[in-house]
Q: 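One structure follows; several queries about it will come next.
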There are 2 protein chains.
Amino acid sequence: MSLKYGLLGLLNYGKITGYELDKAFKDSLCFFWQAQTSQIYRELNGMENLGWLTSEIVFQTEKPNRKLYSITDSGRQELQAWLAQSSLDNEFQIRSVFLMKLFFSGGKSVQENISMLKDYKARCMDELADLQKTDNIIENYSQKTGKKQDAVYWGITARFGELHIQMCLDFAEEAIKKLEGLQ
Amino acid sequence: MSLKYGLLGLLNYGKITGYELDKAFKDSLCFFWQAQTSQIYRELNGMENLGWLTSEIVFQTEKPNRKLYSITDSGRQELQAWLAQSSLDNEFQIRSVFLMKLFFSGGKSVQENISMLKDYKARCMDELADLQKTDNIIENYSQKTGKKQDAVYWGITARFGELHIQMCLDFAEEAIKKLEGLQ
DNA sequence: TGGGTCATGTAACCTGTTACATGATTAG
DNA sequence: CTAATCATGTAACAGGTTACATGACCCA
C-alpha cells in the first residue's frame with residue numbers, strides 16, 4: 001500500500017514519466033522504501049485504473065514515446081488523506097537476515113562469529129562513507145525544484161539513515177567486545 | 001527465503017508442532033523477523049515437500065491430533081549451508097511508512113509535524129518499556145533448554161532491538177529540535 | 001454465556017523479486 | 001565494438017497479509 005503513496009507524493013510535484021519516477025524514487029525515497037522498476041510500472045497502471053492518475057502520450061521521433069502521468073484531484077485527495085492519518089503500527093519491526101544467522105550461530109566457534117561481526121562492521125563503514133554523497137543529491141533537488149521547505153524534510157529522513165547505520169556499527173562493536181569477553 | 005531458515009533453525013532444537021513453532025517464533029525471532037501463522041503452516045508444507053522435514057501424527061483423544069515435525073539430514077545440511085554463507089546485501093535497507101509521510105510533509109505546518117514527531121517519540125518510549133520483558137523470556141528459554149551458548153546470541157540480537165528503538169527516539173528528539181528552530 | 005487456549009489449516013489477495021523483451025542512440 | 005542511456009513494459013514466481021473455518025475444553 002505504501003508504494004502507491006510514495007509514487008503519488010512524487011507525482012504531486014508535477015507530471016512525470018514512469019522512467020523518470022523510477023529514477024527519482026531511487027534517488028530520494030531509497031532511505032526508507034525500495035521498489036523494482038517493474039513494480040513501479042504495475043502500480044502506475046493500477047492507480048490509473050483507480051482514477052488517481054491520468055496519462056498522455058508524448059510522441060517523439062528519435063526516441064521512444066514518453067507516457068506522461070499526472071495526478072488527478074482524486075489522487076491528490078487520497079494522498080492528503082494518507083498524510084493526515086498516523087500509522088505507527090509495525091513501524092519498529094526489523095527484518096534482518098544477518099541477525100537471524102547470528103541468532104542460530106551458537107554452534108559455531110566464538111572466533112567465527114567475531115569474524116562475521118567484523119565483516120558486518122566493515123560493511124557499516126562502507127555504507128556510512130556512501131552516505132556522504134546523499135547531501136549533494138538533496139542539495140541538487142532543492143535547487144532544481146526550488147522547494148526549500150521540502151529539502152528540510154528530505155534532510156531529516158536522510159539523517160535517519162545515517163543514525164541507523166551508525167547504530168548498526170555501534171551494535172557490532174559492542175557485540176564483538178561481548179564475544180571477546182567469552183574467550 | 002529467510003523464513004524457511006528461521007523455522008529450520010528452531011526445528012533443529014528438536015521435534016515441534018506448527019502451533020508451537022508459531023509461538024516460539026513469535027517469542028524469539030520477533031526482533032528481526034515476523035511471520036503470520038498461515039505463512040508458517042505453508043512453509044512447513046513446502047519444506048516437507050523439499051524433504052527438509054518429516055512429520056508424524058500424534059493421536060490425542062481429548063484434543064486435536066498434533067502433527068510433529070522433525071528436521072531431516074537434508075534439512076540440517078541446508079541450514080548449515082545457509083549459516084555458512086554471508087549475506088549482507090540489502091541488510092541496511094529500511095522500510096518506514098512514518099519516514100515516507102515525513103518526507104512528503106513539507107506542505108503541512110511545522111507545528112503539525114512537530115506533533116507528529118512527538119507521537120512517534122511517545123511510541124518509542126512505549127516500545128522501550130516493553131523490551132524490559134524480553135530479558136525474562138530469554139532467561140526462561142535458556143533454563144528450559146539448558147543451552148547457555150545460544151542464550152548469549154539471543155541476548156545479542158535482542159540488544160539490537162533495544163539499540164534500534166533508542167536510536168529512533170534520539171532521531172525524534174533531534175528532528176523536533178530542528179523543526180523548533182524553524183519557527 | 002462469552003472469551004481464551006489448543007490445534008489444524010485453506011483461499012484469496014496483495015506486494016515484491018527476477019528474468020526477459022525491444023530497439024535506437026550516444027559516449028568511451 | 002561495447003556498454004550505458006532512453007523508454008516502454010510483461011510473465012512467472014515467491015513471500016506476506018487478511019479473513020475465514022472447525023470444534024472441544026476450560027475459566028470467570
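Letters go in sequence order (proteins before strands), and every chain restarts at 1. Note that this is a predicted model, so its numbers are computed, not measured.
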Q: So, the side chain of A/S96 versus the backbone of B/F32: is there a donor-acceptor pair under 3.5 Å, distance only?
A: no

Q: How long is the line joining CG of A/L44 and C1' of D/dT8, in whole Å?
A: 12 Å

Q: Please check the phosphate of C/dG9 (OP1 and OP2 only) for any side-chain N or O of B/K67 closer than 4.0 Å.
A: yes

Q: So which nucleotide from D/dA7, D/dT18, D/dG15 ends up closest to the side chain of B/M1?
A: D/dG15

Q: Using atom CD1 of B/I16 as one end and atom P of C/dC6 as the other, report the distance to the nearest whole Å.
A: 13 Å

Q: Identify all side-chain donor-acceptor contacts of residues 80-90 of chain B below 3.5 Å with residues at least two apart in sequence or on another chain.
A:
residue : atom : partner : partner atom : Å
B/S87   : OG   : A/K101  : NZ           : 2.9
B/D89   : OD1  : A/R123  : NH2          : 2.7

Q: Based on the rotation axes of five pairs at each end, what angle does the helix from C/dT1-D/dA28 to C/dG28-D/dC1 bend through, to 10°?
A: 40°

Q: Spell out yes or no: do the side chain of B/T17 and the base of C/dT8 have one donor N/O and one acceptor N/O closer than 3.5 Å?
A: no

Q: Taking atom types as they are modelled, is there a donor-acceptor pair under 3.5 Å from the base of D/dG16 to the side chain of A/R95?
A: no

Q: Rounded to the Å, how far apart are A/N49 CG and C/dC14 P?
A: 13 Å

Q: To the side chain of B/S38, which of C/dT10, C/dT5, D/dT8 is closest?
A: C/dT10

Q: Between B/Q93 and B/G18, which is nearer to the 5' end of DNA chain C once each is assigned its nearest nucleotide?
A: B/G18

Q: What's the closest nucleotide to the A/Y69 side chain, out of D/dA7, D/dG16, D/dG9?
A: D/dG9

Q: Within this structure, what is the CH2-to-P distance between A/W33 and C/dT17, rounded to whole angstrom?
A: 10 Å

Q: C/dG16 C1' sits how many Å from A/K26 NZ, rounded?
A: 12 Å

Q: Using a strict cut-off of less than 4.0 Å between a Lys/Arg side-chain nitrogen and an Asp/Glu carboxylate oxygen, indicate whether B/R66 and B/E20 qualify as a salt bridge.
A: yes

Q: Using ring pair (Phe, Tyr, Trp, His ring centres under 6.0 Å), reason through B/F92 and A/F98 one step at a time and then give a plain yes or no.
A: CA-CA 10 Å; B/F92 302 103; A/F98 177 80; 8.3 Å; no

Q: Rounding to a whole Å, what distance do you find between A/D22:CG and D/dA7:P?
A: 12 Å

Q: Starting the side chain at C-beta, find the nucleotide from C/dT15, D/dT5, D/dT18 nearest to A/K4.
A: C/dT15

Q: Is any side-chain N or O of A/Q39 closer than 4.0 Å to OP1 or OP2 of C/dT15?
A: no

Q: Measure the distance from CD on B/Q34 to P on D/dG15 and round it to the nearest whole Å.
A: 16 Å

Q: Choose from C/dA7, D/dA7, D/dG16 the nucleotide whose nearest atom is closest to any side-chain atom of A/Y41.
A: D/dA7

Q: Look at B/E174 together with B/K177 and state whether they make a salt bridge at an N to O cut-off of under 4.0 Å.
A: no

Q: Under a 4.0 Å N-O cut-off, is there an ion pair linking A/K23 with A/D27?
A: no

Q: Does the side chain of A/K23 get closer than 4.0 angstrom to OP1 or OP2 of D/dT5 through an N or O atom?
A: no

Q: Whether A/K67 and A/E56 form a salt bridge (side-chain N of Lys/Arg under 4.0 Å from carboxylate O of Asp/Glu) is what I want to check.
A: no

Q: Do any side-chain nitrogens or oxygens of B/Q36 fall under 4.0 Å of OP1 or OP2 in D/dT17?
A: yes

Q: Ignoring the backbone of A/Y19, work out which of C/dT8, D/dC6, C/dT15 is nearest its side chain.
A: D/dC6

Q: In whole Å, what is the span from the CD atom of A/E20 to the P atom of D/dG9?
A: 13 Å

Q: With the threshold set at 4.0 Å, does a side-chain nitrogen-carboxylate oxygen contact exist between A/E78 and A/K4?
A: no

